[in-house]
Structure formats: structure tokens, C-alpha cells
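We name chains A, B, ... by the order of the sequence lines, and we start the count at 1 in each one.
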Amino acid sequence: MIETPSLVDQYCHGVLRTELGLGTFEAHLGRGEGPPAPGTTFFDTQTGFAVRRWCPPLLGLEPHCPPARYLARRRELGVLEAGRRLLRGSGITTYLMDTGLPDDLTGPTEMASAAEAEAHEIVRLELLAEQVADTSGTVESFLANLAESVHAAAVGAVAFTSVAGVRHGLALAPQPPGPGEVRGAAGRWLAGRAVGGPVTDPVLLRHLLWIAVASGRPLQLHAGLGEPGLRIDRTDPVLLADFARATAGLGTDLVLLHGYPYHRHAAHLAGIFPHVYADLGPALARTGARAGAVLAEILELAPFGKLLFSSGARGLPELHVVGARLFREALGRVLGGWVADGAWSLHDAQRVAGMIASGTARRVYGLGATDTDG
Amino acid sequence: MIETPSLVDQYCHGVLRTELGLGTFEAHLGRGEGPPAPGTTFFDTQTGFAVRRWCPPLLGLEPHCPPARYLARRRELGVLEAGRRLLRGSGITTYLMDTGLPDDLTGPTEMASAAEAEAHEIVRLELLAEQVADTSGTVESFLANLAESVHAAAVGAVAFTSVAGVRHGLALAPQPPGPGEVRGAAGRWLAGRAVGGPVTDPVLLRHLLWIAVASGRPLQLHAGLGEPGLRIDRTDPVLLADFARATAGLGTDLVLLHGYPYHRHAAHLAGIFPHVYADLGPALARTGARAGAVLAEILELAPFGKLLFSSGARGLPELHVVGARLFREALGRVLGGWVADGAWSLHDAQRVAGMIASGTARRVYGLGATDTDG
Amino acid sequence: MIETPSLVDQYCHGVLRTELGLGTFEAHLGRGEGPPAPGTTFFDTQTGFAVRRWCPPLLGLEPHCPPARYLARRRELGVLEAGRRLLRGSGITTYLMDTGLPDDLTGPTEMASAAEAEAHEIVRLELLAEQVADTSGTVESFLANLAESVHAAAVGAVAFTSVAGVRHGLALAPQPPGPGEVRGAAGRWLAGRAVGGPVTDPVLLRHLLWIAVASGRPLQLHAGLGEPGLRIDRTDPVLLADFARATAGLGTDLVLLHGYPYHRHAAHLAGIFPHVYADLGPALARTGARAGAVLAEILELAPFGKLLFSSGARGLPELHVVGARLFREALGRVLGGWVADGAWSLHDAQRVAGMIASGTARRVYGLGATDTDG
């Protein structure tokens, strides 16, 4: 009843280019700090069950077929052909891709071709800083090159993203650090750093956020369950309230990625601050059969024009499929239920579905409209 | 099936007396720190959709009609007549009203007349302190006048309310401040203060709480989402655990207002401490189509005799309507579902519905019973 | 449709041996810091309603009969016969029992006989330390006797349990305390202590955790709502993230008890760390008609092989019944719903139900398999 013909996936990564065995495939379903416990498998998770539900039919198999059979079919088709079938069957027509992971994943051009879709780049601030540090001799040249790199990236990329929350926690001082503070922190970092060494200093992380804010491009902030590491309460989006207050009115939008299990807090901030948006991604993709229930929680407090679909997928095209299918089914079920109860009109429900699926992302990221938008 | 013929709204405000244009009306649907984001409207929220569902029929229009049409009809009837129809259609028979807002809203007498209902006053402690400060010359006279004012207010009011959580956060020291501490804080505040200046000092906020506790009147504490400002984790009701422990057995009831998104924590405290109660207000009114789901979460841990309906409405009579209708429908749906499953008996469900709708409020606030109570 | 013929209750206590009047029975339904509020009763809670739903039929009465009638019938049968009928009607075939409460409750042998079931002991670390302290003359003998007692207990018990979270909060330093630190803390504690005095010192609590970890037996950690006292945010299982990281790979499993209202956090940790498991107990038993909804939240992020059923019951055999019945019904409803929607296959649902009901507990605690396992 509620239709979302075209999806903009506002945050995802590329896919692996190599053939995968059962163990490697399974490892990409988990997001933990170790292998599955003895006697258990990451296939026995909501994500694993969702992959087994939605993906086998796209490769000509029955839903819920055993993992080994699915992997055999995937190898039979080859990684390229399987990837094409999966991505083209996902319903996603535009991919916004964070290219800042160390893994060897496909980039926007390959993705666009495999998926027959649009694809744009999201630049990860910390990786940019690390790349600039690798090639800058002095603190002065590092800071100048960094500013120039962010400026240059802002031309080609649709957004910046920051993992400051995962690196340090989101309880960062909300104001921009002073120039002396930044020079001092940069000096210490560059002096102690081997090539490729990660930026974790809170002053430098804040400096990155503020030069990104100055660019005017939307800034995506990892919060909640995005990545393992630290303690999740340190990535509670509520910790961004003061940063949101400090950046209000500057003309740059903030997008809170992930959020779960603090998604109600993310929705609250999206309701309080005009320039704050909330992502639906892994909150749905990782909760599988519960995606509708989690989506409904996000829809409690967030204004309907402040929510953005994403898959959050990484490495496996199956995860793009699962993110998209779970979202569509959850949205149809939740909004459809409210229409059936008389709580919402059908017209409003379709309008809201179109916003979340693609319309708001097109507005926030300045993407062109397409014929298939709802 | 489950009926709640008479509602006591245990926390709300009055309504505006002026005709409203579309923009002003919309502004009262949002509770943020700015206007709606460009390209969005506060009508596209659960509260906005709930207003469009429940209110047009009370003014002779179709549910879900466009906002402009609704506002035109509202102006055609005039603010007084529209207010009367809305309030009288809400199902609320007693209003307990916090009169401590700066806005020019109707008071209990006007409200009672417009709504053909009972109305009683709730006194906001911080406003009382500010009014006393405006007219007291010395620290000694301020403290004496304050004690006398609280005492006098306790005669006419049904309860006190405190926004200490919004002003400072709820992580206040749980014990009463000593007399010297209070005098010192009062001296500093009075010395630095212009007429009307707000009280935010934690010692004075605690002093207000404790003189209210001494009055024996129920004390309502803002927690969770009540008001924008600060960070919501600083108004998590769990922070009141030690204050609740410190006030146990003194004979004064504490009512935790709002709670959401920490409503499960509020319910927990209501289960742990005999003198602690939890409010349902904005948790339902602001989550609209999700009111039943949120109500069900509150009903997990709270003893059923410790929950109180409120609308939390402010400024627009539409918000009183929405609070009451969402509550009734949610209660009927949730309890009715449990009866249908055999989990609860119908008799128990009706008994519990009557408690939450009005019975417990009548007991806690010492209101007379009415014929229409369930 | 989804069947769980045999339940392993992985955390509970024994039952009272004395006849109970209405007031004493009611007191065991509440878990607060005081009696019910005037005008209310602990029967008017989800637990109270669940007892009235599931227990009267086991004693030959109608579901939902009035409490006084139920208590009269219970006394008519006698505490022994009523206990037998209730426990044997619960569906639990193995009880793992924390024997470390001061109350005079039945132990594993009596329980096995009354219930016609298996029963094993869980040893509470803090009680063990207090018993050792009562009989040790010096710091050196205390520490040596403690190590020996834990070692001896590990032979007969199926697990250790710790209430460090309730005694001090879970924000404990994650590393083992040094020997000098432990001796100092033990000396101070023994010097100031009367016979039976409780251990609350964080260094000693950590020492207990680490000698238990060294034993290799599963270690159950109280988190969330287990016991009143402190503030529940201080028992948020997320605070255990660093302890989990510190104990990873040592070969000892951690089981997070209770969790609610932070059960999503417990599920997250179970997903991140191979050796961390999450309990379903009181999260279901105390939320009654909401057990299915709460179970579904836990099933969002936890790998399905990392969840363990328990009743958490204490004192009343009615609570064992309620824990077991609510779990079975909730599991059948939630998993059955997902099968009906096509999200899960029936085969997978039955397999997962068997794991949570008994299979995973048998693996983690090294219990033998039984014919009736699913």
C-alpha cells in the first residue's frame, strides 16, 4: 500500500571484490570484538536471518535456504554477477558511500556500474587528516594542507563523516578549539606518529569537525552502535546536544548516524534543532524482524522531514539488500498500520514515506530529483 | 470496551486568548530551539498528525483536513467558541493547571468556564521565588516571605511543581541545604539579580524543593522531555532516586512529570518508593500514533495505582484534546488487548483504567469524587 | 506452534517453607523499598496479575480469581502440596539456584524433590567471602581460605554469582587489583567488621570477581533491576564493557543477569564479546503482559545462541511458575509471529526456541542433555 519506488542510501560502504567462503562471509555478519562463541554462529542473528530471507530469491534460491547452499550458489555465479543481481534487486537508486575504510572495497564508480545506480562519495575526516599528516613535514604545512584538503574534498563529495565518537567518545567540548591549542595538539601528534597512525586527540577531532562545519557540506556523525570499541554510552547522541547548539544557524546540517540503542535520543535532537537529522540505517539492518518496531520508536519524536534511510552496509552486497528490504517492509507495515487505524491519512503516509526514502536526502545533500521519486 | 468516562488532567497549562494564524499555530506544535527546518513543518510530526486527526471533527470538519482549512474554520468560529468546543469535547472534567509560565494564558477560572469543568491551580516554585525576590529588600525578608508564600500557596493550590531539572539538572544533592548555605546563596542571587531574573542556583532550587516537601502538598518534578534546554540525560528521573529516598516517609507525594524517553525509569521509581508517582502526559501527547506503545512500556514496571493521566497541554486547546483522546484510545487498545489475550480480566482492566484516568489523581490531590468516575 | 518442552531455569532461588497470609504473600510480589502506597496493593502490578492468571488453575481455581480466595486455597492445600503442584506445573526441569540469600528458603535438594526436577547450586561470591571472614583470624588466613573456598565451591557448584553491581555499582576498575591493594582492603574490612558484616569495598569485590574468573566456572553478574538499592543507572550492564574486554579469551563465560531496563545494552554486549551471555529472567517475569514485547527487544541485537531463560524467582513458587509461563508464551508469540510473517522459517524458530529454553544453558553450565530437549 505504502510505496517507496526509489531509495537513496545516505550512508554505506562498497563491497568486497573477492570470492568468499562460508567463514569469511559469516565474519561480515557479526560486528563484534571476536569470533562467534563456540557452538554459535553469526548466521543465528537478526542480520543473518534477514540475509537468508531476502537474498536467496535474488540468486534463484528459496528463502531461508541453508547458508552453505547460499554460498555455493554465490560462488557459482561469481562475485561480480552475484553482486550485480543483489545490488540491482535492492531498490536503491542512489548510494552515498563512505570511502574511508581500510578494507579493499569497491568505490563509487564501480558501485554505480554494478548497481546501475548513482553513487557519490562521503569523505571521512579522520582518514583525510591521516593522509595529510603522512605527506606534511611541519605543523604549519599539516594545518594548511588539511584546510585545503577539506576545501577540495567539499567540491566533489556530498558530505563529510566523522568517527570522533568512536575514537574518543562524543563528550567533546562543543566549541572550536583555539589556534594555539590546535597547533600544540598537531605538533604532539605529528611528533609521535608513525605513517598511517590514527588521529584520536580530542582537540584535533574537534578541529576536524569545525573545519567540516565551515565547508557547508552536511556533516555525518557516528553515534550509537556504528562501530565496536569504547563503551556505547560514550556514543549516546545526547552528548552532541551542546555541539548541536553551538553549530545552530551556521548553515551546515548535522546527520546523526545509527543512533540505536539511543535512537529515541537522536530523534529528540532532530526535533529540537532545525539543522539536525537522524539516520535509520543499522538500527533497522541489524535488528531484522524487529525493524518495524525500531522504526516506530524513531518516528515517535522525530519530525517526519528529519529522517533519512540508509543501509549502513559494508563489504557484502547482501547487507545493502537487507537494509533496503527491511526498511521498505518496515515502513509499509508501520505507516500502513497507522492508516488502517485512522491515525494517519493514506496521503500523508505516502508523502512521509517518500521523504524518508529519498526526498529528504535529495534536499539535504543537494541531489537532483528523479522521475521515480514518490 | 474499556471506558474512562471522566478524566482528571493532572498537569496542563491554559490556552491563548488571541486568534492564531497558521505560522503561530504551527509554532505551538513544536517544542524545539528553533523554527522548523527549511522544507519541513511542525505539522509533519506525531503531534501535528494527531491534531489533524482528532480536532477537525470537533469543529465540524473531516479528520486529516489540511492545516490551512482547519485554521480558517477555527478563525471563522472565533478563538473563544473554538476553544469551548474543543475543551468540552476532550473528555477532561478536571484540570490541574500550572500557572507559572510567562505566556499570557487563561487561568483556572476562565478554563473552568470555557471547558464546563473543574479547574485547580498548581504553583510553580521557581516563579513564586522570583516574585518574592522582586518585592523583598533583604536576604532575611526574602527567606521569610518565601516560606510564608509557599505556606499560603499550599492552602489554595492542589500541588507544587518544580523545574529544577530544567534549570540545573536533576543531579542535585538529595539532602536539604543548611540554613547558612541557603542564606549565602540567596544573598548572592539577590545581589546580582535584575527584576524578574530566574533562579538557577542549585542550593536555592533544593531549598524550594524542601520547603515544598514540608508543606505536605504533592510535589511535581519535571523530568525527561518536559522543556527544551540542557541535555535530556540531565533530567533522567533516575537521578531523583536519592531525593526520593531522602523524602520517603515524610508524608509528601512526589509526582514525576513527563519522563519520556526515560519513562521506564520513572515507572521503576514509582514501583520502588511508596510516595513516588509517574505521569503519562507528554509521553503520549507527543508520540501520537505511538501513544499505545509508550503507555505499554510505562505499564511494565509501575504499580497500576501509581500512574496519572495528564495532557501536558500548553497554549492550544487542541493539545488538551489530543492528550485526552490519545490517552483514552491508547488505554483502551492496550488494556483491551491484554483482556482479549486472557492476560488480564476485564474487571481488572476497567478498574485499572479508572485509577489512571481519574481515581488515583483524586486520591493523591485530595479532589472530591464525581458521579462519572469509573 | 513453537514448543519448549523442557526449561532450564538458569537463575532462581528457593521457596519459603511457611504458610503465608495475604500480606506476607503480597510483600513478596513487590521489590521496593517500602510497603505499597496507601490505597494501592502489589497485586495491582504486572507480576500480581500474572500470578492471578497462571497459578489459580494449577490449584484448581479459575484464572484471575481474587487474591484472598487464592490464598485460602493455598492454605487449604498446605504450603508443601501447593508448592509441589506449582513447581511441577511450571515446565521447568532443571533449576540453577543462588543459595546466597539470608532468607530461609529451600535449597537444591528440597527443590529437586518438590519439583521432581534437577537442581544445582550457584554460589554467591559475597556471601562466601563473608562466611570466610567470619572464621578467619588474619588477613593472610582470610585470603588463603577465600581462595580455597572458591576453589572448593567450583567443584560442586555450576556457577558463581556476584552482586558487586548492587553493592557498589558496576563502574568498577576492569583489571584485577594488585596483591598489596587486596591485602590492604582486606585488612581494613576485617578490622572494622562485625560477624556477618557485608563486603562492599570495591577492591574486594573486584578480587572476588577475578578469583571466580580464574576458576573457569561461568560468572553471573547482577545488572539492571535485580535488587533495589543504589540507582539503577549504576547497574547499567554497559558499565561492564571494559571488564568484558579484560576477561575475553580467558575461558570463563560471563552471564549478565536481569538487564532490564537496560536489556538492549546487555544484548549488545552479548553480541560483541564471545564469552558474554544475557539472561531473560526478571525482564519477563516482572513485566507480565509485556513479556513478549521485552523479549523481542532483547532479540534485536543478541545472537540467538547467547540468551538464557531464567525465572529469577525468590520465595514464592508462584514466581517460578510465572517466569516459566510468561517466557513460554512470549517466545511462542514472538517467534511464531515472525514465522507467520515469513521473516523466520519455522525450523529456525524451533531451533532458536530450544537454545534459549535449555540448550544454551546446558552447554554453558556443562549440564547433561535430556530426552525432552527440543
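In this structure, chain C has no heavy atom under 4.5 Å from any part of Asp253(B). Neither the backbone nor the side chain of Leu240(B) comes within contact range of chain C; no heavy atoms are under 4.5 Å apart. At a 4.5 Å heavy-atom cutoff, Val334(B) makes no contact with chain C through either its backbone or its side chain. Interface remark: Trp344(B) contributes backbone and side-chain atoms alike to the contact with chain C (heavy atom separation under 4.5 Å). For Pro35(C), the parts sitting under 4.5 Å from any heavy atom of chain B are the backbone and the side chain alike.
Checking side-chain atoms of Gln46(C) against main-chain N and O of Ala289(C) turns up a donor-acceptor pair under 3.5 Å.
Chosen from Ala343(B), Ser345(B), Gly305(B), Ala267(B), the residue pairing most often with chain C at heavy-atom distances under 4.5 Å is Ala343(B). Counting heavy-atom pairs closer than 4.5 Å to chain B, the top residue among Thr45(C), Asp233(C), Asp44(C) is Asp44(C). Counting heavy-atom pairs under 4.5 Å between each of Ala50(C), Pro38(C), Ala293(C), Ala291(C) and chain B puts Pro38(C) at the top. Ranked by heavy-atom pairs under 4.5 Å with chain C, the list Met355(B), His347(B), Glu297(B), His275(B) is led by Glu297(B).
For His265(B) and Tyr260(B), the ring centers sit 6.0 Å or farther from each other. The aromatic ring centroids of Phe43(C) and Phe49(C) lie 6.0 Å or more from each other.
Salt-bridge annotation for Arg328(B) and Glu3(B): absent, with no side-chain N of the basic residue lying under 4.0 Å from a carboxylate O of the acidic one.
Note that Arg73(C) lies outside the cation-pi zone of Tyr70(C), set by a 6.0 Å cut-off to the ring centre and a 45° limit from the axis.
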message = Between Asp98(C) and Arg314(C), does the salt bridge (Lys or Arg N to Asp or Glu O under 4.0 Å) criterion hold? Intermediate values first, please.
response = CA-CA 10 Å; Asp98(C) 175 0; Arg314(C) 166 180 179 167; over 6 Å; no
message = Working note: His320(C) + Asp9(C), criterion side-chain hydrogen bond (donor to acceptor under 3.5 Å, both in side chains); need CA distance, chi angles, decisive distance, verdict.
response = CA-CA 9 Å; His320(C) 296 84; Asp9(C) 184 347; 4.9 Å; no
